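It should be emphasised that the depicted structure is a prediction, and the values quoted were computed from it without experimental measurement. Every chain is numbered from 1 and lettered A, B, ... according to where its sequence line falls, protein lines coming before strand lines.
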Protein chains: 2
Amino acid sequence: MPATSPDFPARLRAAGLRPTRQRVALARLLFEGGPRHVTAEGLHVEVKASRMPVSLATVYNALNQFRDAGLLREVVVAPGRSYFDTNTGHHHHFFIEPDGELHDFPSDKVTIAGLPTPPKGTRVARVDVIVRVRR
Amino acid sequence: MPATSPDFPARLRAAGLRPTRQRVALARLLFEGGPRHVTAEGLHVEVKASRMPVSLATVYNALNQFRDAGLLREVVVAPGRSYFDTNTGHHHHFFIEPDGELHDFPSDKVTIAGLPTPPKGTRVARVDVIVRVRR
DNA sequence: GCAGTGTTTAGAATAGTTCTAAACTTCTTG
DNA sequence: CAAGAAGTTTAGAACTATTCTAAACACTGC
Ligand SMILES: [Mn+2]
Ligand SMILES: [Mn+2]
Ligand SMILES: [Zn+2]
Ligand SMILES: [Zn+2]
């Protein structure tokens with residue numbers, strides 16, 4: 001049995017989203033098991049293989065809603081497609097360029113010193129570190 | 001008179017590219033004056049306003065060729081569009097989220113300590129720091 | 001000048017994503 | 001639990017950024 005009961009309907013309701021069959025199916029794929037980085041197309045392929053297939057439009061809707069609700073974070077590392085990240089805490093990424101794979105690493109042990117002050121009239125919202133690696 | 005003679009035909013030849021009228025016109029817009037971050041559409045609007053208009057396909061071709069030749073660097077910070085950066089040296093970016101504006105800052109004063117070792121079988125190609133700021 | 005090869009171009013094509021509006025589901029209230 | 005209201009799903013059309021196609025054109029070296 002998992003440490004925390006993954007009551008997806010409740011988690012969706014808590015996020016202000018109706019727990020429809022489609023959203024619950026997607027939440028299961030996303031949040032059951034370890035942290036993941038998915039693309040819309042990739043998640044659509046996965047959910048089509050399940051007992052509760054979901055249209056591509058709904059996959060996009062759900063990913064955008066989950067992101068807006070703070071359940072996901074959007075990561076942009078390469079032109080043409082967005083990744084959605086189930087890890088919403090502070091962390092950074094390795095990006096394996098040839099395969100388009102993303103790997104997390106924690107930010108607590110990373111120190112970024114000497115950043116200049118932000119442009120006038122702006123506040124820092126987030127600092128992203130992307131370590132691009134090749135084979 | 002500028003410090004270095006901006007002989008664009010010569011610079012293009014040195015990069016292995018024929019100095020066509022279109023490429024010279026684009027190189028002028030890109031490399032004359034300070035460092036810039038352009039989008040394909042933005043550069044196309046600029047060059048259309050000049051005495052030597054250029055098709056959008058050629059703008060895309062030239063940007064990709066200039067990047068492949070090391071004259072430009074591609075920067076991906078937001079979904080949907082690529083920026084091309086005339087500053088090809090080591091540096092990082094502020095990204096002003098509401099307006100989609102990019103600002104450089106040098107990387108020599110920035111220290112990134114504590115990065116984990118890259119995934120097995122990979123080598124670091126580049127480390128990008130994107131400081132996302134809001135008004 | 002003349003090949004020969006590389007480049008430009010308009011327009012078609014593609015890929016990822018969002019929109020539309022009709023059908024359907026979930027929620028609330030009586 | 002029935003009925004109505006409000007929110008959601010869906011197929012397909014639409015849209016945006018980018019690439020492709022193939023025919024006209026322009027650089028280059030002789
Ligand atoms: Mn989006
Ligand atoms: Mn590209
Ligand atoms: Zn991540
Ligand atoms: Zn830059």
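- Distance A:Arg67 CZ to C:dT17 C1': 12 Å, rounded to the nearest Å.
- Note on B:Val131: it clusters hydrophobically with B:Val127, by side-chain heavy-atom contacts below 4.5 Å among ILVMFWY residues.
- B:Leu56 has its CG atom 16 Å from the C1' atom of D:dT21, to the nearest Å.
- The phosphate of D:dT9 (OP1 or OP2) has no side-chain N or O of A:Ser55 nearer than 4.0 angstrom.
- Where the helix from C:dG1-D:dC30 to C:dG30-D:dC1 starts and where it ends, the local axes point in directions that differ by 40°; five pairs per end, rounded to 10°.
- At whole-Å resolution of the value, NE2 in A:His44 and C1' in C:dT18 are 15 Å apart.
- Of all the heavy atoms in A:Leu71 and A:Thr88, the pair that sits closest is O-CG2, 3.4 Å.
- As a whole-Å value, the separation of B:Leu63 CG from D:dA17 C1' is 13 Å.
- Using cut-offs of 30° and 60° on the angle between ring planes, the pair A:Phe95 and A:Tyr83 is perpendicular.
- In terms of phosphate contacts, B:Arg13 brings a side-chain nitrogen or oxygen within less than 4.0 Å of OP1 or OP2 of D:dT28.
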Test log, rule side-chain contact (heavy atoms from CB on, under 4.5 Å), inputs A:Leu17 and A:Gln65: CA-CA 8 Å; A:Leu17 297 165; A:Gln65 291 153 352; 4.1 Å; yes
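- Taking for each of B:Glu41 and A:Leu17 the nucleotide of DNA chain D with the nearest heavy atom, the 5'-most of the two is the partner of A:Leu17.
- By the 30° and 60° cut-offs, the orientation of the rings of B:His37 relative to B:His93 is perpendicular.
- Atom C1' of nucleotide D:dT18 and atom CG of B:Leu43 are separated by 15 Å, given to the nearest angstrom.
- Between A:Glu41 and A:Leu56, the closest side-chain pair of non-hydrogen atoms falls below 4.5 Å.
- Of the candidate nucleotides D:dT10, C:dT17, C:dT9, C:dT9 has the atom lying nearest to any side-chain atom of B:Thr58.
- Position along DNA chain D of the nearest nucleotide to A:Val54 versus B:Asn61 favours A:Val54 as the more 5'-ward residue.
- Contact check, A:Asn64 against C:dT18: a side-chain N or O comes under 4.0 Å of OP1 or OP2.
- Counting only heavy atoms from C-beta outward, the side chains of A:Val76 and B:Val77 never approach each other to under 4.5 Å.
- At the phosphate of D:dT8, neither OP1 nor OP2 sits under 4.0 Å from any side-chain N or O atom of A:Arg18.
- Going from atom CZ of B:Arg81 over to atom P of C:dG16 covers 18 Å, rounded to whole Å.
- In the region residues 19-31 of chain B, proximity to DNA chain C at under 4.0 angstrom, judged on heavy atoms, holds for B:Thr20, B:Gln22, B:Arg23.
- For the residue pair A:Asp104 and A:His92, no side-chain donor N or O sits within less than 3.5 Å of a side-chain acceptor on the partner.
- As a whole-Å value, the separation of A:Leu12 CG from D:dG7 P is 17 Å.
- For B:Arg126, the CZ atom sits in a packed shell: over 12 heavy atoms of surrounding residues, nucleotides or ligands are nearer than 6.0 Å.
- Under the side-chain contact (heavy atoms from CB on, under 4.5 Å) criterion, B:Thr86 pairs with B:Leu30, B:Phe31, B:Pro35, B:Arg36, B:Leu72, sequence neighbours left out.
- At least one side-chain nitrogen or oxygen of A:Tyr60 sits closer than 4.0 Å to the OP1 or OP2 atom of C:dT17.
- B:Lys48 places its NZ atom 12 Å from the P atom of C:dT9, with the value rounded to the nearest Å.
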